[in-house]
Protein chains: 2
Amino acid sequence: MEQAISFTEENYLKTIYSLSKQNKGKIANLSIAEKLHINPATVTEMLKKLNEKNLIDYNRIDGAALTSQGESLALKVIRKHRLWETFLVNKLSFNWDEVHEIAEQLEHIQSDKLIRQLDKLLGFPKFDPHGDPIPDKNGQLPQSQAFPLVSVEEPGTTYKLIGVANHTTAFLQYLDKIKITINDKIEIKEIHEFDHSMVIRIGNRTAVMISSEVAKNLLVSAQ
Amino acid sequence: MEQAISFTEENYLKTIYSLSKQNKGKIANLSIAEKLHINPATVTEMLKKLNEKNLIDYNRIDGAALTSQGESLALKVIRKHRLWETFLVNKLSFNWDEVHEIAEQLEHIQSDKLIRQLDKLLGFPKFDPHGDPIPDKNGQLPQSQAFPLVSVEEPGTTYKLIGVANHTTAFLQYLDKIKITINDKIEIKEIHEFDHSMVIRIGNRTAVMISSEVAKNLLVSAQ
DNA sequence: TTTAACTTTTGGGCAAACCTAATGATCATT
DNA sequence: AATGATCATTAGGTTTGCCCAAAAGTTAAA
């Protein structure tokens, strides 16, 4: 019963997985359509098909939810994506804002040995260049104590940047511009009540102001 | 006029290129069909399409021949294929008989920078793990003075194995079994007239007998 | 040179993913 | 509970790349 899975199907599973992690509620066809830039009608067809294949549970009322089989496939694709991103940055000197598109292609390459060996070459990394956790070969995600910087209420404390919640080129290039990168220390100097913008000090450089929108997308841990 | 090219089209171009290098004559639809394991009718359709796109010159009488544009695309794919094979063997500890299928997938990944950086990581190799020449970024193939071992007429001389003309798993595993690999020295001890089988000495080990079929697929250079 | 064997092409079809336009459901609000 | 607004689905179409069977063209051998 070897069930072949197409690139397209893998992309749907990945999308459903990531939507299910961000919005806790029902996964609407429309949100899948928007994320994949395709027509909702197409989504309906594909969800029916994935349902048939037992990769998702789907009905009009509850929307789509991955079955355990579907989730494990999604995690496999995500694992590949994040390992390839790590490879591109760590071994091929890519910048973190250049790797997404290429990893979107590489994530569909099929070879278990390839991924095992790549993982080894990279030293079994737990997080990718954006701080996203890399599922292990069993689909287990490493624990992360990341929380968004915007959730901090009081100034005075120093945190460490361990990830970003937005992977757009625009955002990553903004971070490059204000010269902040993974593992940098961030000290909160001021929090402005009315718009929740912040003044932060990165490392021991001059303080900069960031909007709450930016703070929302900076994932930090204590100290 | 950015002309997108599909995986399938790339595979046709690559196939036409390699057929044109081995058989000097006309490239028949049927030989393409056999190599790609598809129906001849499908080949006719695709050749027409590639002709439309100016990637090949095609007509029923002369068969298919790459245009310069088509050849340059074919060489690009071959470059990627061979660089990826080199990566798999040199960086990920694959055996040379395991890399073909994976490289068939990887060769279609689109990113010029990726290939530039991969080339650099590998130290700008000129030949892949099977001794096949890797086209440079301009599509230039390095010179190779390889000739098939079978073409040697007299015993007594020592050669160096620099490539293989057959990439099947079966042949490569046979070579592993008789423990011969790229760069090994081969001394010809005997040549049997009637079937052109040979007795050869690999390095300084015990001599072994090989058939002319094997000798045909061993590419060597002087000393 | 004519028949047999082989190759190429045509014509009709199929499956995967996509689309648009129109219809049918559901939801939120008055 | 009716009414818009929004979302999901259906129906009919497209493109790409494949198939088969039959027809047409080419080549080679009798």
Side-chain angles (χ1 to χ4, degrees), chain A residues 2-16 19-20 22-65 70 73 77 104-105 107-108 110, chain B residues 1-16 19-20 22-65 70 73-74 77 104-105 107-108 110:
Chain A
E2 254 312 305
Q3 202 177 208
I5 186 164
S6 67
F7 284 23
T8 306
E9 289 169 333
E10 287 192 339
N11 285 334
Y12 273 86
L13 294 179
K14 206 179 44 154
T15 303
I16 294 166
L19 288 173
S20 78
Q22 55 193 235
N23 334 334
K24 270 92 226 283
K26 166 186 169 180
I27 291 166
N29 290 23
L30 197 64
S31 56
I32 296 173
E34 274 160 8
K35 228 178 167 188
L36 295 175
H37 305 109
I38 55 180
N39 193 286
T42 310
V43 174
T44 301
E45 288 163 2
M46 181 54 101
L47 294 185
K48 277 185 185 164
K49 187 174 142 198
L50 293 173
N51 189 63
E52 280 311 298
K53 287 191 167 191
N54 276 303
L55 298 173
I56 63 173
D57 290 323
Y58 176 64
N59 64 60
R60 185 196 206 99
I61 290 141
D62 306 314
L73 281 173
V77 177
E104 287 286 304
Q105 299 179 59
E107 72 190 6
H108 301 295
Q110 311 232 234
Chain B
M1 255 340 69
E2 253 312 306
Q3 203 174 210
I5 185 162
S6 70
F7 284 23
T8 306
E9 290 169 334
E10 287 191 339
N11 285 334
Y12 273 85
L13 294 179
K14 205 178 43 152
T15 302
I16 295 166
L19 287 174
S20 77
Q22 54 193 237
N23 333 337
K24 268 94 226 284
K26 167 185 168 180
I27 291 165
N29 291 20
L30 197 65
S31 57
I32 296 173
E34 273 160 10
K35 229 181 165 187
L36 295 175
H37 306 108
I38 55 181
N39 193 288
T42 310
V43 173
T44 302
E45 288 164 1
M46 181 55 99
L47 294 185
K48 277 184 185 167
K49 188 174 144 199
L50 293 173
N51 188 62
E52 280 309 300
K53 286 190 168 193
N54 276 303
L55 298 173
I56 64 173
D57 289 324
Y58 176 65
N59 64 62
R60 186 199 203 95
I61 292 141
D62 306 313
L73 280 172
V77 177
E104 286 287 303
Q105 298 179 59
E107 73 190 6
H108 302 295
Q110 311 232 232

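Since the structure is predicted, the reported quantities are computational estimates derived from the model, not experimental observations. Quick note on labels: first sequence line is chain A, next is B, and so on, each numbered from 1.
Nearest to the side chain of B/A41, among C/dG11, D/dA8, C/dC19, sits C/dG11. In this structure, of C/dT8, D/dA8, D/dG17, it is D/dG17 that holds the atom nearest to the side chain of B/T8. Candidate nucleotides D/dT9, D/dG17, C/dT8 were compared by shortest atom distance to the side chain of B/R60, and C/dT8 ranks first. Taking the side chain of B/E45 as heavy atoms from C-beta on, and the options C/dT9, D/dC19, D/dG17, the nearest nucleotide is D/dC19. Checked against C/dA17, D/dT9, C/dT8, the side chain of A/K49 finds its nearest nucleotide in C/dA17. Taking the side chain of B/T42 as heavy atoms from C-beta on, and the options D/dT26, D/dT9, D/dC18, the nearest nucleotide is D/dC18. Comparing atom distances between the B/N39 side chain and each of D/dT9, C/dT7, D/dC20 picks out D/dC20 as nearest. Side chain of A/K26, nearest nucleotide from D/dT10, D/dA8, D/dC19: D/dA8. In the set C/dC18, D/dT10, D/dA8, C/dC18 carries the atom at the smallest distance from any side-chain atom of A/Y12.
In this entry the distance linking CG of B/N59 with P of D/dG25 reads 15 Å, nearest Å. Taking atom CD1 of residue A/I5 and atom P of nucleotide C/dA17, one finds them 10 Å apart after rounding to whole Å. The nearest whole Å value for the distance from the CG atom in A/N29 to the C1' atom in C/dG24 is 14 Å. The CD-P distance, from A/E52 to C/dA16, rounds to 12 Å in whole Å. Atom NZ of A/K48 and atom C1' of D/dA11 are 11 Å apart (whole Å). Counting to the nearest Å, the P atom of C/dT8 and the CD atom of B/E34 are 10 Å from each other. Straight-line distance from the CD1 atom of A/I32 to the P atom of D/dC7: 14 Å, rounded to whole Å. Atom C1' of nucleotide C/dA15 and atom CZ of A/F7 are separated by 18 Å, given to the nearest angstrom.
Sequence order on DNA chain C of the closest nucleotides to A/M46 and A/I61 puts A/M46 first from the 5' end.
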| message | What verdict does the side chain to side chain contact (heavy atoms under 4.5 Å, CB included) test give for A/E9 and A/L50, after you've listed the backbone C-alpha separation in whole Å, the side-chain angles of each residue and the deciding distance to 0.1 Å? | response | CA-CA 8 Å; A/E9 289 169 333; A/L50 293 173; 4.0 Å; yes

| request: Please test B/H108 against B/T8 for side chain to side chain contact (heavy atoms under 4.5 Å, CB included), starting from the C-alpha separation and ending with a verdict. | output: CA-CA 10 Å; B/H108 302 295; B/T8 306; over 6 Å; no

| field | B/I16 and B/L47: CA distance, side-chain angles, deciding distance, side chain to side chain contact (heavy atoms under 4.5 Å, CB included) verdict | value | CA-CA 10 Å; B/I16 295 166; B/L47 294 185; 4.0 Å; yes

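When all heavy atoms are compared, the tightest approach of A/K26 to A/D62 is CG-O, 3.5 Å.
Between B/F7 and A/F7, the two ring planes are perpendicular [angle over 60°; tilted spans 30° to 60°].
Each of B/N51, B/I56, B/L55 was evaluated against B/K53; a single residue qualifies, B/L55, per the side-chain contact (heavy atoms from CB on, under 4.5 Å) test.
In this structure, A/N23 contributes its side chain and A/G25 its backbone to no donor-acceptor pair below 3.5 Å.
Inter-axis angle, ends of the helix from C/dT1-D/dA30 to C/dT30-D/dA1, five pairs per end, rounded to 10 degrees: 10°.
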